[in-house]
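This report concerns only the one structure given below.
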Amino acid sequence: MPFIEIDEQLCARDGICVAECPLDLLELSSDKIPVAVAGAETACLRCGHCIVSCPNGALRLDGQDPAGLPAVPRQPIEPDAAIGFLASRRSTRNWKDKNVSRELIERAIDAARYAPSGLNMQPVHWLVVETAEEMRRLAGLTADFLRQSGTMARFVEAFDAGKEVILRGAPRLVVAHADAEGWYDPTTDCILALAHFELAAHALGLGTCWAGLFMRAARHWPPLAQALDLPAGHKVYGGLMLGYPKFKSHRLPPRRAARIRYQ
Ligand SMILES: Cc1cc2nc3c(=O)[nH]c(=O)nc-3n(C[C@H](O)[C@H](O)[C@H](O)COP(=O)(O)O)c2cc1C
Ligand code: SF4
């Protein structure tokens, strides 16, 4: 079976799939039916743009009928509402004592599967830390790292005085990790996936905060890396504290004016 199949009855010969392929792996034959170029099957990113851009569902990719893929939601989102929603995301550092279900976390992770990734590599793996005991252990190991590295003394002092300023007493920690030993650098993709995750979490009424101290320690402090028990060759590329926000913001906070230059 060819990796791209065209239903010539459905094909409108409009060339959309050819235009949409990021690697020019499709071309129009003399009768305007798309055909794969030599070597396309190996080079293909499996990004799916060819099959999802066809208005008639005339292509199959690796046997996948586009009719079996989820529909694109069509409810219009007013621009003001969408942009206001993005601006309303804040870092959460105070949490309700309320359980965060796995179902909700998995819904946000599912949304993050559609984040862009270089060459459609989709390198991200997820670790969800969900017990208070484990959260305290990871915060403690992060404090150990800061203490021995002689940095962020204020945080260490506060932590040692009993104020959990590292993972902020969050109910959950969501970690993005990936293979760090291959040729591909997954840094940007992991951060993008987490950025999508946190916006999806916000849409679901959850709050997040980037766990910067933890992220740094996870990279540089072997006891913390070991505690995470990642697959061989994997590293932490980002982490978000997660839970229900205890307080609301009533205004957007002040931010710098955008600095823009056109060339
Ligand atoms: C870090 C990064 C680099 C990318 N670089 C390119 C690029 O140079 N050219 C391009 O056409 N697409 C680029 N992309 C887009 C990816 O190919 C695309 O996200 C992926 O195929 C999945 O498709 P989607 O974004 O439509 O879901 C890049 C994406 C990321 C995250
Ligand atoms: S899946 Fe993406 S890369 Fe592969 S043929 Fe279709 S559009 Fe091109």
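Just follow the structure's listing: the first ligand is 1, and inside any ligand the first atom is 1.
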**Item:** Sub-4.0 Å protein heavy atom near atom 8 (O) of ligand 1
**Value:** no
**atom 2 (C) of ligand 1 protein-contacted, heavy-atom criterion under 4.0 angstrom** = yes
**Prompt:** What's the shortest distance from atom 15 (C) of ligand 1 to any protein heavy atom, and which residue and atom give it?
**Reply:** S117 O, 4.4 Å
**Item:** salt bridge (Lys or Arg N to Asp or Glu O under 4.0 Å) contacts touching residues 23-45 (sequence neighbours left out)
**Value:** none
**Asked** How are the rings of F145 and W221 set to each other: parallel, tilted or perpendicular (split at 30° and 60°)?
**Response** tilted
**Message:** Quick check on atom 26 (O) of ligand 1 - does any protein heavy atom sit closer than 4.0 Å to it?
**Reply:** yes
**Complete:** If we number the atoms of ligand 1 from 1 as shown, the ones under 4.0 Å from a heavy atom of N120 are 20 (C), 21 (O), 22 (C)
**Message:** Same cluster or not: V128 versus V124, using hydrophobic residues (I, L, V, M, F, W, Y) connected whenever any side-chain heavy atoms lie under 4.5 Å apart?
**Reply:** yes
**atom 30 (C) of ligand 1: any protein heavy atom closer than 4.0 Å** = yes
**Message:** Can you tell me if D160 has over 12 outside heavy atoms packed within less than 6.0 Å of its CG?
**Reply:** yes
**Prompt:** Closer than 2.8 Å to atom 8 (Fe) of ligand 2, how many protein N/O/S atoms do you count?
**Reply:** 1
**Asked** Numbering the atoms of ligand 1 from 1, which are under 4.0 Å from a heavy atom of L192?
**Response** 31 (C)
**Item:** Distance flag for atom 12 (N) of ligand 1, protein heavy atom under 4.0 Å
**Value:** no
**Request:** Mark up the atoms of ligand 1 that fall under 4.0 Å of a heavy atom belonging to C47, in ascending order.
**Result:** 21 (O)
**Prompt:** Atoms of ligand 1 less than 4.0 Å from D189 heavy atoms?
**Reply:** 1 (C), 31 (C)
**Request:** Determine whether more than 12 heavy atoms belonging to other residues, nucleotides or ligands lie under 6.0 Å from atom CG of L86.
**Result:** yes
**Message:** I'd like to check whether Y114 has a polar contact with ligand 1, where a contact means an N/O of the residue lying under 3.5 Å from an N/O of the ligand.
**Reply:** no
**Message:** Under a 3.5 Å threshold, yes or no: a donor from one side chain and an acceptor from the other, between H125 and H177?
**Reply:** no
**Request:** Answer whether the closest heavy-atom distance between the side chains of R102 and E130 falls below 4.5 Å.
**Result:** yes
**Asked** Going by the atom numbers of ligand 2, which of them fall below 4.0 Å from some non-hydrogen atom of G48?
**Response** 1 (S), 2 (Fe)
**Request:** Go through the steps for L230 and K235 under the test side chain to side chain contact (heavy atoms under 4.5 Å, CB included), then give the verdict.
**Result:** CA-CA 7 Å; L230 302 183; K235 283 195 173 154; 5.6 Å; no
**Asked** Side chains of S53 and E20: is there a donor and an acceptor less than 3.5 Å apart?
**Response** no
**Item:** ILVMFWY network linking F214 to W126, side-chain heavy atoms under 4.5 angstrom
**Value:** yes
**Message:** Counting only heavy atoms from other residues, nucleotides and ligands, does the tally under 6.0 Å from CZ of R168 exceed 12?
**Reply:** yes
**Request:** Report yes if H49 has an N/O atom closer than 3.5 Å to an N/O atom of ligand 1; otherwise report no.
**Result:** yes
**Fill in**
Checking heavy atoms under 4.0 Å, the part of I51 that sits near ligand 2 is neither
**Item:** T188 contact mode with ligand 1 (heavy-atom cut-off under 4.0 Å)
**Value:** side chain
**Request:** For L61, counting its heavy atoms only, list the atoms of ligand 2 lying under 4.0 Å from any of them.
**Result:** 1 (S)
**Request:** Would you confirm whether the ring centroid of F85 sits within less than 6.0 angstrom of the ring centroid of H202?
**Result:** yes
**Message:** Could you check whether atom 21 (O) of ligand 1 has a protein contact, counting only heavy atoms that fall below 4.0 angstrom?
**Reply:** yes
**Request:** Using the rule that two of Ile, Leu, Val, Met, Phe, Trp, Tyr join whenever any of their side-chain heavy atoms come within less than 4.5 Å, decide whether L240 and L199 are in one cluster.
**Result:** no
**Item:** atom 28 (C) of ligand 1: the protein heavy-atom neighbour that sits closest, reported with distance to 0.1 Å
**Value:** G118 CA, 4.0 Å
**Cluster check Y184, L194: I/L/V/M/F/W/Y, side chain < 4.5 angstrom** = no
**Request:** Flag yes if Y244 and M241 sit in one hydrophobic cluster, no otherwise; membership is Ile, Leu, Val, Met, Phe, Trp, Tyr, and two members link when side-chain heavy atoms are under 4.5 Å apart.
**Result:** yes
